[in-house]
Amino acid sequence: MEVGEVHAWPSTVEEARDIQDRLRPSLELGDPGPQRPATIAGLDVSYAGDGTGVDRLAAAVVVLDAVTLETVEEAVVAGIAAFPYVPGLFAFRELPTLLEALRRLDTTPGLLVCDGAGLAHPRRFGLACHLGVLTGLPAMGVAKTRLFGRHDQPGPRRGATADLLDDGGEVVGRVLRTQDGTRPVYVSVGHRIDLDTACRHALALSPEFRLPETTRRADRLSRAALRAG
DNA sequence: GCGACAG
DNA sequence: ATCTTGTCGC
């Protein structure tokens with residue numbers, strides 16, 4: 001798919017925050033209307049520290065048929081961490097390599113499912129927002145643990161939810177139980193999608209396991225590539 | 001000052 | 001994220 005050049009890269013935490021502030025106005029958060037993505041892409045990155053502080057990584061993207069959940073295409077790229085890990089600035093670590101993986105796709109996915117946060121972020125601009133704005137595609141985040149927002153515990157059964165709220169009581173995401181008796185996942189909107197739709201996709205993508213098939217397959221692919229390369 | 005902190 | 005053994009459960 002077509003992906004433009006990434007913006008100027010930050011060398012400091014302050015510069016990274018400035019970039020988030022500059023891109024945030026481009027977010028499309030209103031009701032996007034009827035959406036029926038034919039394909040959904042999952043993205044994930046695996047790391048291997050090289051001892052010296054230089055982190056090798058492999059970014060993978062796996063495209064699934066939205067209905068059958070069969071894999072229709074995949075791409076994986078080896079790279080180097082582009083920024084240190086700083087909570088809230090996580091996107092700057094793997095964004096360049098993830099964009100390169102997307103460029104190698106023949107397909108243009110109808111939705112991006114990122115492993116991490118979207119709006120459920122201290123600065124309301126998590127990886128899913130960043131990736132959505134840069135590609136122009138609908139994007140959402142599904143995180144395995146909480147980064148931001150307070151919430152009650154969702155019920156014990158698959159499908160149970162609880163809203164994620166910021167300090168002002170605004171809904172920034174939703175805690176979703178994808179399987180009976182397992183820990184929930186943290187869903188939030190990234191770009192051009194609403195929370196109800198995002199949760200509906202997260203649940204549909206998790207028919208058998210806690211994590212969405214998109215995330216599981218991208219995780220497997222990125223780990224395998226890390227060993228090979 | 002003391003916790004919290006996506007991956 | 002990654003480092004790591006055994007172990008409880010379907």
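Just so it is clear: chains get the letters A, B, ... in the order the sequence lines come, proteins before strands, and each one is counted from 1. Being a predicted model, the structure only gives us computed values, none of them experimental.
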Between D44(A) and R217(A), is the closest basic N to carboxylate O distance under 4.0 Å?
no
Centroid-centroid under 6.0 Å between H130(A) and H7(A) rings
yes
Answer with base, sugar-phosphate or nothing: what part of the nucleic acid does G141(A) contact at a heavy-atom distance below 4.0 Å?
nothing
Just wondering, do Y186(A) and dA6(B) stack (centres under 5.5 Å, planes under 30°)?
no
Is D21(A) salt-bridged to R123(A), going by a charged N under 4.0 Å from an acidic O?
yes
Which part of the nucleic acid, if any, lies within contact of L43(A), taking any heavy atom under 4.0 Å across all strands shown: a base, the sugar-phosphate backbone alone, or nothing?
nothing
Find the distance L89(A):CG to dA4(B):P and express it as a whole number of Å.
20 Å
Tell me which nucleotide among dT2(C), dA6(B), dA4(B) gets nearest to the side chain of L147(A).
dA6(B)
Atom-to-atom span, CE of M140(A) to P of dA6(B) - whole angstrom:
19 Å
L226(A) has an atom CG; how far is it from atom P of dT2(C), in whole Å?
7 Å
Does a side-chain N or O of R146(A) approach OP1 or OP2 of dC5(B) to a distance below 4.0 Å, or not?
yes
Taking atom C1' of dA6(B) as reference, at what distance in whole Å does atom CG of L98(A) sit?
13 Å
With a 4.0 Å cut-off on heavy atoms, is F90(A) in touch with a base, just the backbone sugar-phosphate, or nothing at all?
base
Could you state the atom-to-atom distance from CZ of R93(A) to P of dC5(B) in whole Å?
19 Å
Base, sugar-phosphate, or nothing for R150(A), non-hydrogen atoms under 4.0 angstrom?
nothing
Name the nucleic acid region contacted by A117(A), choosing base, sugar-phosphate or nothing; use a 4.0 angstrom heavy-atom cut-off, strictly under.
base
Output yes when at least one side-chain N/O atom of K144(A) is less than 4.0 Å from OP1 or OP2 of dA6(B), else no.
no
What is the distance, rounded to the nearest whole Å, between atom CZ of F83(A) and atom P of dA6(B)?
16 Å
Aromatic contact between F83(A) and W9(A), with the criterion being ring centroids under 6.0 Å apart: yes or no?
no
Check every strand shown and say whether L57(A) touches a base, only sugar-phosphate, or nothing at a heavy-atom separation below 4.0 Å.
nothing
Is the phosphate of dG7(B) approached by T145(A) (side-chain N or O, under 4.0 Å from OP1 or OP2)?
yes
At under 4.0 Å between heavy atoms, what does D115(A) touch on the DNA or RNA strands: base, sugar-phosphate, or nothing?
sugar-phosphate
Just checking, R216(A) and F209(A): is the charged tip under 6.0 Å from the six-membered ring centre and within 45° of the axis?
yes
In whole Å, what is the span from the CZ atom of R174(A) to the P atom of dA6(B)?
22 Å
How long is the line joining OH of Y47(A) and P of dC3(C), in whole Å?
14 Å
